[in-house]
Amino acid sequence: MFFLTTAIDYTNGSPHIGHAYEKVLADVIARYHRLTGEEVYFLTGVDQHGQKVQQTAEKEGVSPEEFVKRTTGKFSRLWTKLGVEYDGWAETTDVRHKACVQSILSNLYTKDQIYRKSYKGHYSVRQEQFLTDRDRDATGNFGPEWGEVTEIEEENYYFKLSEHTDWLKSFLEGPLETILPAFRKTELLNAIDRNTGTDLCISRPKERLRWGIEIPFDANFVTYVWFDALINYISFIGFTPDSSLPVFDDVWTDRPVHIIGKDIMVPAHGIYWFAILHALGFTDEKMPQLLVHGWWNIRGEKMSKSLGNIVDPDQLADTFGTEALRYYLVRDIHTGKDSDFDLDRLVMLYNTELANELGNLCNRALNMSQRFTDGIISPGGPLTADDTNLQQSLIDTTAAYRKAMDNHEISQGLEALNRHVVHCNQYAERMKPWELNKNLQSKDRLATVLHHLAESVAHCAVLLSPILPGAAVKLASQLNLATLSKLKLDDLKWGLIPLHHEINPPTPVFPRIEVKAVEET
RNA sequence: CGCGGGAUGGAGUAGUCAGGUAACUCGUCAGGCUCAUAACCUGAAGAUCGUAGGUUCAAAUCCUGCUCCCGCAACCA
């Protein structure tokens, strides 16, 4: 089973473009793996506990329960809108999750992995947090932004993180590929070196924070949000068996992939999570891989002069359509790196690659079949070098696409696909089916050419389906090939279209986005 | 010397791990085609690959110094 997760989003506000990116990326990867024939379990959800939620709820005069219910809806509705299809949904206030966290805490407590100790430090009442030396200003004092700072002593529970750092270092330096892309590994190893000898405080006294999971062996404390949140990756697939959840061993069969942003690799996932799993007895071969993605930077004023200032993914989907947004989010960023979010580029990439190249190819190919051969696709006469070259291009493209997608490099996969689209347009230009149609003697040749184009459209529809499921369905429908959506990658061999198959009349699948129309919205 | 990433034609990026003709998209200019969503195709101009050195027959790519940009720096969800 291919088990894939995203970070669970903190329900303290509305989803932004970065949240949307991560979920779309995960959805594309999940759909791709389904296309390869693998069994997939895709888990995503929301993180609902913690101080920030408690504070914001208080500020708005509602209970934390009501507040998270409201914000959670914003996330789940957006994923539906964007076509993000997950198998499991994690909410950390779920009783099943609470039970699992508490059972893990008890387990680790029994195994002497959790202990109680007192900590003395500078505490900011206004910010409700302990301060460290890094929070001091240039003069070595705590600035006015912290309000009243007092030195207090507090008892808390600690997880023996330090007992696992030696293992973690050797594990990361070992042969198993764990951090993707690889350049992030150095950063993590450095962080571990700095961390050596420090344990992790996993409790918060209830006087300060009530919105959390109670520590099972001490009712005066709740669980630190990160310890709570990370456990969602196992609690919602039945780590603590529950009839309403999957069977854990069926889902976590080998190495899951956690998709996370670069901001939460250190320390949460790269250190805490690996240490927790290690403490729970997970072997190296079962340790997750972290797919660490970059950020979308918003390019300030330059960004939206011509199009209006929209960064809310919900609104973007309304304005440009979910397929255009999905395409842009995985097309204009190389997985792992940062990119600038730019509406002009969204429109440009959609219009160029989807409307002009792919969409127009499909439209002209199917339209010619409709007009010249009554919508019937037949193999025609003997093949020429041009035909076999096109078939070879399709084989090469599929191979390059698979290689890129296996490495989670969606943009490269799409580049491969686009190369074949260009090849097809060039082919059409050289073969000139509109000329062939004028001469009765070349009817066989015409059929062959149109067959090659239609066959290419069918292949492209399948290859595109993880990224743009909606467009794939439309293309399949225009080809009158409902079976297309059931195909796996290995089925992609020449001959998807049956002999003398009749297609439906085409309509543009990717209508151009007109900037003028956008400006009016 | 805190850590990591980045600097490549007008714009945005790939290529750097495994040195060997500088690639792609947009934009610009010129042509062609007419099946198609004013789409498609062909050609051209435009880069001494941040900077100064070094290694090499050969450096965008390896090594060293420097400059500038971005993010992070761990009870701060």
Side-chain angles (χ1 to χ4, degrees), chain A residues 7-12 47-55 92 119 121 123-124 127-132 134-135 146 154 156 158 181-195 198-204 209 212 224-226 228-229 262-268 270-272 294-295 297 331-334 336-340 342 344-345 348-349 351-357 359-372 411-412 415 418-419 422 424-437 449-450 453 506-512 514:
Chain A
I8 52 175
D9 300 313
Y10 198 57
T11 52
N12 189 35
D47 178 13
Q48 301 167 310
H49 285 130
Q51 191 163 276
K52 283 256 165 85
V53 163
Q54 181 177 302
Q55 285 171 346
T92 53
Y119 176 83
Y123 185 76
S124 158
Q127 295 292 328
E128 299 193 46
Q129 62 175 251
F130 278 103
L131 304 179
T132 71
R134 284 188 311 278
D135 297 316
W146 300 110
E154 189 175 278
N156 265 307
Y158 287 78
F183 71 79
R184 296 252 175 236
K185 188 165 86 174
T186 322
E187 198 178 343
L188 179 54
L189 284 169
N190 285 328
I192 294 167
D193 279 341
R194 272 176 275 130
N195 184 61
T198 312
D199 285 336
L200 173 66
C201 179
I202 55 147
S203 69
R204 294 290 180 277
L209 176 66
Y224 170 47
V225 279
W226 262 123
D228 165 358
K262 62 178 187 176
D263 56 325
I264 55 174
M265 177 181 77
V266 176
I271 301 178
Y272 302 163
W295 281 123
N297 301 315
R331 175 67 183 89
D332 204 28
I333 193 166
H334 280 76
K337 298 197 172 182
D338 290 355
S339 192
D340 268 319
D342 184 332
D344 292 330
R345 283 188 62 77
M348 185 274 278
L349 284 167
N351 280 346
T352 303
E353 297 182 351
L354 290 181
N356 295 355
E357 290 176 3
N360 183 55
L361 170 71
C362 298
N363 199 235
R364 68 194 299 207
L366 302 188
N367 193 62
M368 280 190 280
S369 295
Q370 204 60 238
R371 288 181 53 182
F372 302 161
S411 58
Q412 287 179 18
E415 277 172 25
N418 290 338
R419 274 197 296 277
V422 169
C424 287
N425 276 322
Q426 292 167 336
Y427 172 84
E429 218 59 42
R430 268 199 320 276
M431 297 303 106
K432 301 194 192 334
W434 50 91
E435 290 286 333
L436 296 172
N437 183 52
V449 169
L450 293 180
L453 291 175
T507 47
V509 173
F510 304 106
R512 286 180 62 88
E514 300 300 334

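Each chain gets a letter, A, B and so on, in the order the sequences are listed, and its residues count up from 1.
The CD-P distance, from Glu415(A) to rU25(B), rounds to 9 Å in whole Å. Atom pair Glu353(A):CD and rC24(B):C1' shows a separation of 10 Å (rounding to whole Å applied). The CD1-P distance, from Ile264(A) to rG71(B), rounds to 18 Å in whole Å. Spacing between atom CZ of Arg430(A) and atom P of rU42(B) amounts to 9 Å, rounded to whole angstrom units. Atom NZ of Lys432(A) and atom C1' of rU34(B) are 10 Å apart (whole Å). Across the protein-nucleic acid pair, Met265(A) atom CE and rA73(B) atom C1' stand 12 Å apart, rounded to whole Å. Note: CG (Leu354(A)) to P (rA36(B)) measures 21 Å, nearest angstrom. Rounded to whole Å, atom P of rC72(B) lies 9 Å from atom CH2 of Trp295(A).
In the set rA36(B), rU37(B), rC75(B), rA36(B) carries the atom at the smallest distance from any side-chain atom of Asn367(A). The side chain of Trp434(A) lies closest to rC33(B) when the candidates are rC41(B), rU37(B), rC33(B). Distances were taken from every side-chain heavy atom of Arg364(A) (C-beta onward) to each of rU25(B), rC41(B), rA36(B); the shortest belongs to rA36(B). Candidate nucleotides rA36(B), rC75(B), rG71(B) were compared by shortest atom distance to the side chain of Lys262(A), and rG71(B) ranks first. The side chain of Glu187(A) lies closest to rG4(B) when the candidates are rA14(B), rA36(B), rG4(B). For Arg512(A), counting side-chain heavy atoms from C-beta on, the closest listed nucleotide (rA39(B), rU34(B), rC26(B)) is rA39(B). Distance from the side chain of Glu429(A) is smallest to rC35(B) among rC35(B), rC26(B), rG12(B). For Cys201(A), whose side chain is taken as the heavy atoms from C-beta onward, the closest listed nucleotide among rU25(B), rU34(B), rC75(B) is rC75(B).
Arg371(A) comes within 4.0 angstrom of the backbone, heavy atoms only, and of no base. Across all strands, Ile271(A) comes closer than 4.0 Å to base atoms (heavy-atom distances). Tyr224(A) comes within 4.0 angstrom of sugar-phosphate atoms only, judged by non-hydrogen atoms across all strands, and of no base. Using a 4.0 Å heavy-atom criterion, one finds that Val53(A) contacts no nucleic acid atom at all. At the heavy-atom level, Asn356(A) lies under 4.0 Å from the strands shown only through sugar-phosphate atoms. Across all strands, Asn363(A) comes closer than 4.0 Å to base atoms (heavy-atom distances). Residue Leu200(A) is classed as having no contact, given no heavy-atom separation below 4.0 Å to the nucleic acid. Residue His49(A) is out of contact with every strand shown, counting any heavy-atom pair closer than 4.0 Å.
Rounded to whole Å, the C1' atom of rA58(B) lies 42 Å from the corresponding atom of rA73(B). Separation of the C1' atoms belonging to rA59(B) and rU64(B) is 15 Å when rounded to the nearest angstrom. Between rU61(B) and rA7(B), the distance separating the two P atoms is 12 Å to the nearest Å. A distance of about 14 Å separates the C1' atoms of rC1(B) and rC66(B), rounded to the whole Å. Distance check on atom C1': rU34(B) versus rA39(B) gives 11 Å, rounded to whole Å. Taking the P atom of each, rA60(B) and rA23(B) are spaced 13 Å apart, rounded to whole Å. Taking atom C1' in both rC29(B) and rA45(B), one finds a spacing of 7 Å when rounded to whole Å. Across rU51(B) and rG12(B), the matching C1' atoms stand 23 Å from one another, rounded to whole Å.
Heavy-atom distances to RNA chain B give each of Met368(A) and Thr186(A) a nearest nucleotide, and the one nearer the 5′ end belongs to Thr186(A). When the nearest nucleotides of RNA chain B are assigned to Glu435(A) and Tyr10(A) by heavy-atom distance, the more 5′-ward of the two goes with Glu435(A).
Between Asn363(A) and Phe510(A) the shortest side-chain heavy-atom distance does not fall below 4.5 Å.
With rounding to the nearest 0.5 angstrom, the CZ atom of Phe372(A) is 4.5 Å from the CG atom of Asn437(A). Separation of atoms CE (Met265(A)) and CD (Glu187(A)) is listed at 4.5 Å; rounding is to 0.5 Å. With values rounded to the nearest 0.5 angstrom, Ile202(A) atom CD1 is found 9.0 Å from Asn156(A) atom CG.
Under 4.0 angstrom from either OP1 or OP2 of rC40(B) there lies no side-chain N or O belonging to Gln426(A). The phosphate of rG4(B) has OP1 or OP2 within less than 4.0 Å of a side-chain N or O from Asn190(A). Between Arg184(A) and rG4(B) there is no side-chain polar atom (N or O) within less than 4.0 angstrom of OP1 or OP2.
Minimum heavy-atom separation, Val53(A) to Thr11(A): CG2-O, 3.9 Å. Closest approach of Glu353(A) and Asn418(A) over heavy atoms only: OE1-ND2, 3.1 Å. Nearest heavy-atom pair across Tyr10(A) and His49(A) is OH-O, 2.7 Å.
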Dot-bracket encoding of pairs in RNA chain B, which uses [ ] for pseudoknotted crossings and | for another strand, Watson-Crick or G-U under 3.5 angstrom: .(((((((.[[[[.)....(..]]]].(((((.......))))).....[[[[[..)....]]]]])))))).....
Worked verdict on Asp338(A) versus Lys262(A) for salt bridge (charged side-chain N to carboxylate O under 4.0 Å, His left out): CA-CA 10 Å; Asp338(A) 290 355; Lys262(A) 62 178 187 176; 2.7 Å; yes
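Checking side-chain atoms of Asn190(A) against main-chain N and O of Thr186(A) turns up a donor-acceptor pair under 3.5 Å. No side-chain donor-acceptor contact under 3.5 Å links Asn360(A) to the backbone of Ala355(A).
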